[in-house]
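Since this is a predicted model, take the numbers as computed values, not measurements. What's counted below: heavy atoms across the whole structure, side chains too, no hydrogens, waters or symmetry copies.
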Amino acid sequence: MPSALPLGDPAPADGLLPASAVIGADERTFGVYLHVPFCRVRCGYCDFNTYTSEEIRGVKQSDYASQASLEAAAGAGILAQSGLPRRPASTVFFGGGTPTLLPSGDLVRMLDAVRASFGIEADAEVTTEANPDSVDAEYLAALAAAGFTRVSFGMQSAVPHVLATLERTHDPARIPLVVAWARDAGLDVSLDLIYGTPGESLDDWRASLEHAIAQRPDHLSAYSLIVEDGTKIARQIKRGEVAQPDEDLQADMYELADRMLAEAGYDWYEVSNWSRGAEHRSRHNLAYWRGGDWWGVGPGAHSHVGGVRWWNVKHPAAYADRVLSGISPGAGRETLDAETREVERVLLLARIREGIPVSSLHAPGRHAVAGLIADGLINAKAALSGSVELTLTGRLLADGVVRRLLADD
C-alpha cells in the first residue's frame, strides 16, 4: 500500500497560511502540481499514493477532474486570503499514478482550472507523466492543443525481463511510437529510466540506454531502484525470491549512463537528470530543488509556500469528501525553522549543476570545500570560481558531500 503521510501539526480547516509565508514571495517561483492517483496496475517497487480500480471504494475516476478543479479554485482563494501576491504558475506538472489513464479532456479541464484559478504564464512549462501504453497520437495532440508543452514517458527499461520484475506493462517496441507521436504534436519528450533492478545486468542496462538514446529525447532521467518498505518488491527480497539490488553494480550503471549520455550530447544538470541543452531541463523540478513555491492538488499531494509545507489526505474518497464540503483537504503541515530550511537548501542545491555558492555556506561548510576538492568530490575549477559543483564521484556520493558541507559528518 502507499507510504504513510509524514508527521506534522494538524492543518487548519480553512487552509490559511501564516504571515511568514508571505515574506519574499515576489522573489520565488510558483508552480502547480496535480496528482492523479490512479493506476491500472500497481508496480511492485512503487510506494507512491496510487490506487488501482480494485482498491478504490466510494469514488469514481470520472469525477476526479471536477474535484481537482475545486481544490485549485479554493487554493487560489487561500493564497489571496493569506496575503500572498497573485503569481501565475510558471510550471504545471501532472504526476501520479498515471495521469493519462484519465481521458485527455479531463486533463485539459484540470489545466483550464489552473489557468482560471492561479493563472499560467505565457511561456509556462506544462508537463504530464504518461505510461507508453496509455496514450496514442490523438491523445497527445489534444494535450498539445490545450497548452501542454512536455510529456515524460515512464520507459524504465527496454529489456523484457527487467520490465517484468518491475511489473511494467508496456512493450519496449512502443517507445519509438509514442515518442514520434509526441514529436508530431509539438511536445518536448522526456524518458524516465530505472537501473539496478534485481536480475538486471550491466549489458541489460546498456541496451536500455541505447534504446532510449536512439529516440533522441530532449531529456532523460535515470534513477537507481530504491527498495521502499511495504512494497511488493521489498517483501519478495525478504522472502529470498529476488536479490537485493547491488550498490556497486548500481554505481557502475550510473557511470555508464553518464558516459553514454555525454557521448550522445546530453549534459547532466541534476544528479539523476540529463538534457539536450539548458532549454530542455525540467523547470518544474528545478523549482523544487531551488526552493520555489508550489501548490499540490490531489490526494496525498504535498505543497510548499514560503517555508510552510503541507500535505493532503491520502485516500481519494476522503479527499473528495473534503473538497466537496468546502474544507481544505490538508491533513497536516509544518513550518520549517531556519536550521531545517538551511539543511534542505544545501541538500537540494548540492545536487544540481550550478551547485551552491561557497560564500552562502556556514563557516564549517566553507572550510570543508578544500577537503572535498582533495578527495575528488567537487570540481576544483568551479570551487575557485565560488561554486560547489559535484564531480562524477561526488554525484555517486552526494549524500556524503552534503553531510560534510553541513559539518554533520
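Annotation: side-chain hydrogen bond (donor to acceptor under 3.5 Å, both in side chains) contacts of Asp136 (sequence neighbours excluded): none.
A heavy-atom distance below 4.5 Å is not found between the side chains of Thr98 and Val36. Residues Met253 and Ser224 are not in side-chain contact: their nearest non-hydrogen atoms beyond the backbone lie 4.5 Å or more apart. Looking only at side-chain heavy atoms (C-beta outward), Pro176 and His211 come within less than 4.5 Å of each other. Looking only at side-chain heavy atoms (C-beta outward), Val114 and Ile120 come within less than 4.5 Å of each other. In this structure the side chain of Met260 reaches within 4.5 angstrom of the side chain of Ile213, judged on heavy atoms. Contact annotation: the side chain of Glu138 never approaches that of Val135 to less than 4.5 Å [non-hydrogen atoms, C-beta and beyond]. You'll find the side chain of Leu336 reaches within 4.5 Å of the side chain of Glu344, heavy atoms only.
When all heavy atoms are compared, the tightest approach of Gly196 to Glu200 is N-OE1, 2.9 Å. Across every non-hydrogen atom of Ala318 and Val313, the tightest pair is C-CG2, 3.9 Å. Across all their heavy atoms, Ile373 and Ala383 have their closest contact at CD1-CB, 3.6 Å. Residue Trp205 comes nearest to Leu256 through the heavy atom pair CD1-CD2, 4.0 Å, listed as atom of the first residue, atom of the second, then distance. Minimum interatomic distance between Ser69 and Met110 (heavy atoms only, all atoms of both residues): OG-CA, 4.2 Å. Considering every non-hydrogen atom in both Asp133 and Arg40, the closest pair reads OD1-NH1, 4.3 Å.
In this structure, Tyr195 has its ring center at least 6.0 angstrom away from the ring center of Tyr223. For Tyr51 and His315, the ring centers sit closer than 6.0 Å to each other.
By the 30° and 60° cut-offs, the orientation of the rings of Trp310 relative to Trp295 is perpendicular.
In the model, Asp63 has no side-chain atom that pairs as donor or acceptor with a side-chain atom of Ser66 under 3.5 Å. A side-chain N or O of Ser221 and one of Asn273 form a donor-acceptor pair less than 3.5 Å apart. Using modelled atom types, one finds a donor on one side chain and an acceptor on the other under 3.5 Å when comparing Asp188 with His280. His219 and Tyr269 share a side-chain donor-acceptor pair at under 3.5 Å. When only modelled atom types and interatomic distance are considered, Ser190 and Asp218 share no side-chain donor-acceptor pair under 3.5 Å. In this structure, a donor-acceptor pair under 3.5 Å is present between the side chains of Asn312 and Glu71. Between the side chains of Asn131 and Arg168, a donor-acceptor pair is found at a separation under 3.5 Å.
With salt bridges taken as basic N to acidic carboxylate O contacts below 4.0 Å, none links Asp171 and Arg174. Using a 4.0 Å cut-off between a side-chain N of Lys or Arg and a carboxylate O of Asp or Glu, Asp112 and Arg109 do not qualify as a salt bridge. Contact check on Arg345 versus Glu342 returns a salt bridge, with a Lys/Arg side-chain nitrogen under 4.0 Å from an Asp/Glu carboxylate oxygen. Ion pair Arg281/Glu354 flagged as a salt bridge, since at least one NZ, NE, NH1 or NH2 atom sits closer than 4.0 Å to an Asp/Glu carboxylate oxygen. Checked for salt-bridge contact, Glu389 and Arg353 meet the test: a charged N lies under 4.0 Å from a carboxylate O. Between Arg395 and Asp258, at least one side-chain nitrogen of the basic residue sits less than 4.0 Å from a carboxylate oxygen of the acidic one, meeting the salt-bridge criterion.
A cation-pi arrangement is absent between Arg333 and Trp311, since the terminal nitrogen or guanidinium carbon is not both under 6.0 Å from the aromatic centre and inside a 45° cone about the axis.
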Ignoring hydrogens and angles, write down the donor-acceptor pairs under 3.5 Å from the side chains of residues 25-33, residues two or more places apart or on other chains.
unit_1 : atom_1 : unit_2 : atom_2 : d
Arg28  : NE     : Asp293 : OD1    : 2.9
Arg28  : NE     : Asp293 : OD2    : 2.9
Arg28  : NH1    : Ile23  : O      : 2.7
Arg28  : NH2    : Ala21  : O      : 2.9
Arg28  : NH2    : Asp293 : OD2    : 3.0
Tyr33  : OH     : His35  : ND1    : 2.9

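Under the 3.5 Å distance criterion, the side-chain polar atoms of Thr391 are matched with a main-chain donor or acceptor of Leu377. A donor-acceptor pair is defined here as one N or O able to donate and one able to accept, closer than 3.5 Å; such a pair exists between the side chain of Ser360 and the backbone of Pro357. A donor-acceptor pair is defined here as one N or O able to donate and one able to accept, closer than 3.5 Å; such a pair exists between the side chain of Thr165 and the backbone of His161. Remark: side-chain polar atoms of Glu125 are paired, donor with acceptor, to backbone N or O of Arg283 under 3.5 angstrom.
Under a cut-off of 6.0 angstrom, the local environment of CD in Glu339 is sparse, with at most 12 non-hydrogen atoms contributed by other residues, nucleotides or ligands.
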